[in-house]
Amino acid sequence: KLRHGAEADKMYQKVFDIDPDNYKAILSYGYHLFFNKRFTEALEQFYTARKLDKRQNNWSICVGIARTLQELNDMDQAEYYYKLGVGENLKSGNTQFYEIGHFYYGLFLKKAGRLK
């Protein structure tokens, strides 16, 4: 069952009480906050997940950071994280996520008026 709002916050807190360094749960909570327009809190969670993930440039984390920064109108940093996430997938040979990441990056460029 999908949980929302305060109920979801309580569920995530239970997970963090058991495993505070679970970057996947932190990442998931970041997306929960993002989709509930709690952008500053979401960004904190994404940065924490990035710090805890051994890969650091994990596509899901980079796109979460980039989309949140975009909502907060920090377009230069958003572009940096989009490029970082797309580049990481290209290096790893993960073509499916590379194409998805490239799609998100293209949408960002269009919305930000940065297409050349």
Side-chain angles (χ1 to χ4, degrees):
K1 178 181 172 187
L2 200 57
R3 301 182 193 281
H4 301 284
E7 186 180 359
D9 289 339
K10 287 178 188 175
M11 182 190 68
Y12 280 108
Q13 191 53 56
K14 286 180 184 179
V15 172
F16 300 142
D17 287 345
I18 295 167
D19 187 0
D21 293 335
N22 184 332
Y23 84 89
K24 290 180 181 179
I26 294 168
L27 175 62
S28 177
Y29 187 50
Y31 275 106
H32 161 74
L33 294 167
F34 175 85
F35 289 117
N36 283 283
K37 300 190 182 314
R38 295 164 58 187
F39 300 122
T40 303
E41 294 171 87
L43 193 57
E44 290 174 20
Q45 297 302 312
F46 291 134
Y47 283 139
T48 300
R50 184 170 186 253
K51 188 171 90 174
L52 293 170
D53 183 16
K54 290 177 180 66
R55 293 175 291 168
Q56 291 251 320
N57 297 331
N58 175 322
W59 175 82
S60 296
I61 296 172
C62 288
V63 169
I65 292 171
R67 290 181 69 191
T68 306
L69 288 167
Q70 187 176 346
E71 289 294 331
L72 295 170
N73 292 314
D74 188 344
M75 298 306 185
D76 290 336
Q77 282 297 299
E79 184 169 12
Y80 169 79
Y81 280 100
Y82 274 120
K83 286 180 179 178
L84 199 61
V86 169
E88 185 64 23
N89 283 321
L90 188 59
K91 282 193 300 189
S92 71
N94 189 339
T95 57
Q96 178 185 5
F97 282 124
Y98 171 76
E99 290 172 10
I100 294 169
H102 202 273
F103 171 76
Y104 272 114
Y105 182 49
L107 288 178
F108 162 77
L109 291 174
K110 185 175 180 179
K111 184 175 181 181
R114 294 184 178 210
L115 284 176
K116 294 178 182 176

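These figures come from a predicted structure and were not determined experimentally. One-based numbering along the sequence shown.
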message: Please determine whether side-chain contact (heavy atoms from CB on, under 4.5 Å) holds for the pair R38 and D9, giving the CA-CA distance in whole Å, both sets of side-chain angles, and the decisive distance to 0.1 Å.
response: CA-CA 12 Å; R38 295 164 58 187; D9 289 339; 3.1 Å; yes
message: Show the nearest heavy-atom pair for residues A42 and G30, with the distance to one decimal.
response: CB-O, 3.4 Å
message: I'd like to check the ring pair (Phe, Tyr, Trp, His ring centres under 6.0 Å) partners of Y81; sequence neighbours left out, ordered by chain and number.
response: none
query: Any luck finding a side-chain donor-acceptor pair between D17 and Q13 under 3.5 Å?
result: yes
field: Of D53, T48, D19, the residue whose pairing with I26 passes side-chain contact (heavy atoms from CB on, under 4.5 Å)
entry: T48
- request: Starting from the C-alpha separation in whole Å, work towards a yes-or-no answer on side-chain contact (heavy atoms from CB on, under 4.5 Å) for Y23 and R50.
  value: CA-CA 8 Å; Y23 84 89; R50 184 170 186 253; over 6 Å; no
query: Side chains of Y12 and S28: is there a donor and an acceptor less than 3.5 Å apart?
result: yes
From CD (Q77) to CG (L43), nearest 0.5 Å: 9.5 Å
query: With the 4.5 Å side-chain cut-off for hydrophobic clustering, are F16 and I18 part of the same group?
result: no
query: From D74 CG over to I65 CD1, what is the distance, rounded to the nearest 0.5 angstrom?
result: 11.5 Å
- request: Given side-chain contact (heavy atoms from CB on, under 4.5 Å), test E71 with F34 step by step and report yes or no.
  value: CA-CA 9 Å; E71 289 294 331; F34 175 85; 3.8 Å; yes
statement: CZ of F39 to CD of Q70, rounded to nearest 0.5 Å, is 10.0 Å
statement: In this structure, CD1 of I61 is separated from NZ of K24 (nearest 0.5 Å) by 10.5 Å
task: Examine distances only and state if a side-chain atom of N36 and a backbone atom of H32 form a donor-acceptor pair shorter than 3.5 Å.
output: yes
message: Taking the basic N atoms (NZ, or NE/NH1/NH2) and the acidic carboxylate oxygens, is any pair closer than 4.0 Å for K83 and E79?
response: yes
message: Taking S60's backbone N and O only, do any of them form a donor-acceptor pair with Y31's side chain (distance below 3.5 Å, no angle check)?
response: yes
